[in-house]
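The structure displayed is predicted, hence computed values, not measured ones.
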There are 2 protein chains.
Amino acid sequence: MENKGNFGNAASTPAARERPTLKTIAFMTGLGVTTVSRALKDAPDIGAETKERVRMVARQLGYQPNRAGVRLRTGKTNVIALVLSIDEEIMGFSSQMVFGISEVLSGTPYHIVITPHSHSKDPMLPVRYILDTGSADGVIISRIEPDDPRVRLLSERGMPFATHGRTDAGLTHPFHDFDNEAFAHQAVEKLVKRGRRRIALLQPPSKLTYYAHIRIGFQTGLHDYGAEEVPLRVNTDAPLADIRDIVEVMMRSANAPDGIVCSAGSAAIAVNAGIEAAGKALGRDLDMVSKQSVPILNWIRPEIITAQEDVRQAGREMAKAVIARIDGVEPELLQSVSQPTWPESGR
Amino acid sequence: MENKGNFGNAASTPAARERPTLKTIAFMTGLGVTTVSRALKDAPDIGAETKERVRMVARQLGYQPNRAGVRLRTGKTNVIALVLSIDEEIMGFSSQMVFGISEVLSGTPYHIVITPHSHSKDPMLPVRYILDTGSADGVIISRIEPDDPRVRLLSERGMPFATHGRTDAGLTHPFHDFDNEAFAHQAVEKLVKRGRRRIALLQPPSKLTYYAHIRIGFQTGLHDYGAEEVPLRVNTDAPLADIRDIVEVMMRSANAPDGIVCSAGSAAIAVNAGIEAAGKALGRDLDMVSKQSVPILNWIRPEIITAQEDVRQAGREMAKAVIARIDGVEPELLQSVSQPTWPESGR
DNA sequence: CATTTCTACTGTATCGTTACAGATTGCATT
DNA sequence: AATGCAATCTGTAACGATACAGTAGAAATG
């Protein structure tokens, strides 16, 4: 089916329309294939004038190295694998991350391959697959746990990677994280400044590292600003309908909170529905603060106080980190934390 | 950097820990490499017992063909490229499509590579890149125009592909589309049944094929059910803030509509904001019908009448279509249109 | 018995690239 | 004149898989 560029047998005279290879350039310049290869990678044992000549011809022909050839010979895939959890997603969370990553990769030979999996299944599967088949030069994973087995495995096997979120078990690796502790702390502050004292927290699942960050920020916030917690027995991973129902029950109860901190944008929509179902109104009976990765909440209820997590930026940071790691940069230098921003929801 | 499996020089005794290749299996079975290769693809000239033996050893070793080897030799990449427009996206539209596609691909040797681009730039660029570098066996594109140059080019070059949306210029190719005409027609019906007669349409940009579908459905709807159009001079691609402002102005004007049909979920959020900014209320002063690809609108306003477009399903359909096309199935047989579903928003 | 035919298997070349071990040339050093 | 030594350039082999053109042996044919 595929038309392979077999031009002639002995002398190999390159035909016109085929995709150019090193051989084509070698033929046109009268040089050897090896010389052309080395010239294009600016090797020290090639003359300056020759390099120039080769580069010109290559550009002229629109030469692009054959990925399969390079990969077979060197093992370099020029692929970054993005492992995505398919069930976490209602909003444009992962799209934004993908676009952030590709912004960075667009200036490089790297391609981005999506490796999806369900986090109800074994989360090690996609990572093991990538390692066993050597199908990528670097990996990006999210939903990080304090002692994440994927992080351990990737480190152990020397596969460059970056994580969206941190670990907490003495593992050193590139990551980008949102400062959830600062977010939760500031969220409490905002609520207390509006006179709220009885605050509920819709937290992430406890197995994820940032559960602890959120908790700490929340609790020091309660302490620092003098407020108390109203327990909420559901987390951001629950189905939206469950969140709404549980919030509704809570809001109807005698000790309903007058403030809610919400750790995820999609969950905030369900929380809001629960509040309204209970006949309460934001801004009047209570206030809500939520993190969001896509600026949508204020379109729904301007009263929601929102902190923005820039996931696109996260994608950019992680892409840069993985590439730097591939290039041998120490992991310690490839860690970043972004601060919540509080766009004035005043409109 | 990469550890290539170079075991011994002459006799090539395979070592233990390396990734198995055909050579490994050949060594273990005592057969030739060619025989093993052919046995694994069930070629007719290999004995039944031999095939069985080879398969067992291969399974035992966890053999997976080296993609670079296959690709270099045969030109088959085992890659499906998904060309995504990075600016169209606020909701989880493309994520859902990606997940639908990967559901289908997970049972195959295909990987999914994301090729993003900005539709303000030349939309041919990513397609040309894929064609020129032969970096995929199949392509999926969206935002289709009636005489889409990408469709022309892909057809011309014999590259298998599927589109999300149809063309309208005598081009025959695999596609999956949502029945936007039916949607718009039914939308008008729903509004008229609620007693609405003066209806505005937030339509897609006119260069996209489904602009015409929406228009036709809308206009026959107006005619069939006896309603009139209130012009709305903005489309779904406009910034949300613009949509809101223009809708607000319209709703404040003397001839404000009493019904709105909206062709995109994210735009509906802005339309809703515009309505509220004008002090009008859904269900009382007017009704709105919107298409959505993620079930989010009813969390925002239960009063919005929503039609669901299952983008995940679209992803599945397109993935199946591309693969079928790669396998030589005629394009005519790979076209599908999905009907709008109207989930009872009554929860 | 010689020849053909079929079955089952195999060696070699090749895809495009790069690592490695030369090869050639000119020029300075002994 | 012989030697050493940079500076440049090049041929060969190999990565893993498969297309192609065989080969060996058994069975069928005349």
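- Taking the screw axis at each terminus of the helix from C:dC1-D:dG30 to C:dT30-D:dA1 from five consecutive base pairs, the angle between the two is 70° to within rounding of 10 degrees.
- Under the salt bridge (charged side-chain N to carboxylate O under 4.0 Å, His left out) criterion, B:R53 pairs with no residue, sequence neighbours left out.
- Note that the CG atom of B:N78 and the NE2 atom of B:H111 stand 8.0 Å from one another [nearest 0.5 Å].
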Show the atom names and distances, to 0.1 Å, of all donor-acceptor pairs under 3.5 Å that link a side chain in residues 26-38 of chain A to residues at least two apart or in another chain.
residue : atom : partner : partner atom : Å
A:T29   : OG1  : A:I25   : O            : 2.8
A:T29   : OG1  : A:A26   : O            : 3.3
A:T29   : OG1  : A:L31   : N            : 3.4
A:R38   : NE   : A:D45   : OD1          : 3.2
A:R38   : NE   : A:D45   : OD2          : 3.4
A:R38   : NH2  : A:D45   : OD1          : 3.2

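- For the pair A:R73 CZ and D:dT12 C1', the interatomic distance rounds to 11 Å; values are reported in whole Å.
- Atom-to-atom, CD1 of A:I25 to P of D:dT10 comes out at 14 Å; the value is rounded to the nearest Å.
- Considering only residues two or more places apart in sequence or on other chains, A:N66 meets the side-chain contact (heavy atoms from CB on, under 4.5 Å) condition with A:R19, A:A68, B:L72.
- Here the side chain of A:T74 is nearest to one of D:dA17, C:dT18, C:dG16, namely C:dT18.
- Taking B:D132 as the reference, nothing meets the side-chain hydrogen bond (donor to acceptor under 3.5 Å, both in side chains) condition, with sequence neighbours excluded.
- For DNA chain C, no neighbouring residue in residues 52-62 of chain A is found when judged by any heavy atom under 4.0 Å.
- Here the closest non-hydrogen pair linking A:P174 and A:F161 is CG-O, 3.2 Å.
- Atom-to-atom, NZ of A:K23 to C1' of D:dT10 comes out at 16 Å; the value is rounded to the nearest Å.
- Judged purely by atom type and a 3.5 angstrom limit, B:R67 has no side-chain atom pairing as donor or acceptor with the backbone of A:T133.
- Just one residue in the list B:V139, B:V322, B:V98 forms a side-chain contact (heavy atoms from CB on, under 4.5 Å) with B:L82, and that residue is B:V98.
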(request) Would you give a per-nucleotide map of nucleotides 7-12 of chain C, 5' to 3', where B means the base has a protein non-hydrogen atom under 4.0 Å away, S means only the sugar-phosphate does, and - means neither? (result) -BBBBB

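- Distance, B:Q64 CD to D:dA17 P: 11 Å, rounded to whole Å.
- Residues passing the side-chain hydrogen bond (donor to acceptor under 3.5 Å, both in side chains) test with B:K51, sequence neighbours excluded: B:D42.
- In this structure, CG of B:N66 is placed 16 Å from P of C:dG16, rounded to the nearest angstrom.
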Using a 3.5 Å cut-off and no angle test, enumerate the donor-acceptor pairs between side-chain atoms of residues 323-335 of chain B and protein atoms at least two apart in sequence or in another chain.
residue : atom : partner : partner atom : Å
B:R325  : NH1  : B:V329  : O            : 2.9
B:Q335  : NE2  : B:H173  : O            : 2.8

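- When all heavy atoms of B:S118 and B:I86 are compared, the closest pair comes out as CA-CG1, 4.2 Å.
- The interatomic distance linking A:L40 (CG) with C:dT18 (P) rounds to 8 Å, in whole Å.
- One can place CZ of A:R71 at 15 Å from C1' of C:dC15, the figure rounded to the nearest angstrom.
- Residue pairs meeting the salt bridge (Lys or Arg N to Asp or Glu O under 4.0 Å) criterion with at least one partner in residues 97-121 of chain B, sequence neighbours excluded, are B:E103-B:R312, B:E103-B:R316.
- The distance between atom CG of B:L72 and atom P of C:dT18, rounded to the nearest whole Å, is 12 Å.
- Using a 4.0 Å cut-off, some side-chain N or O of B:Y63 falls inside it from OP1 or OP2 of D:dA17.
- Remark: B:D310 pairs with no residue by the salt bridge (charged side-chain N to carboxylate O under 4.0 Å, His left out) rule, at least two apart or across chains.
- Side chain of A:K41, nearest nucleotide from C:dT18, C:dT17, D:dG16: C:dT18.
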So which protein N/O to nucleotides 4-6 of chain C N/O distances come out below 3.5 Å?
none

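- Applying the 4.0 Å criterion to OP1 and OP2 of C:dT18, one finds that A:S37 has a side-chain N or O inside that range.
- The aromatic rings of B:H164 and B:H176 lie parallel to each other, with less than 30° between the two planes, well short of the 60° mark.
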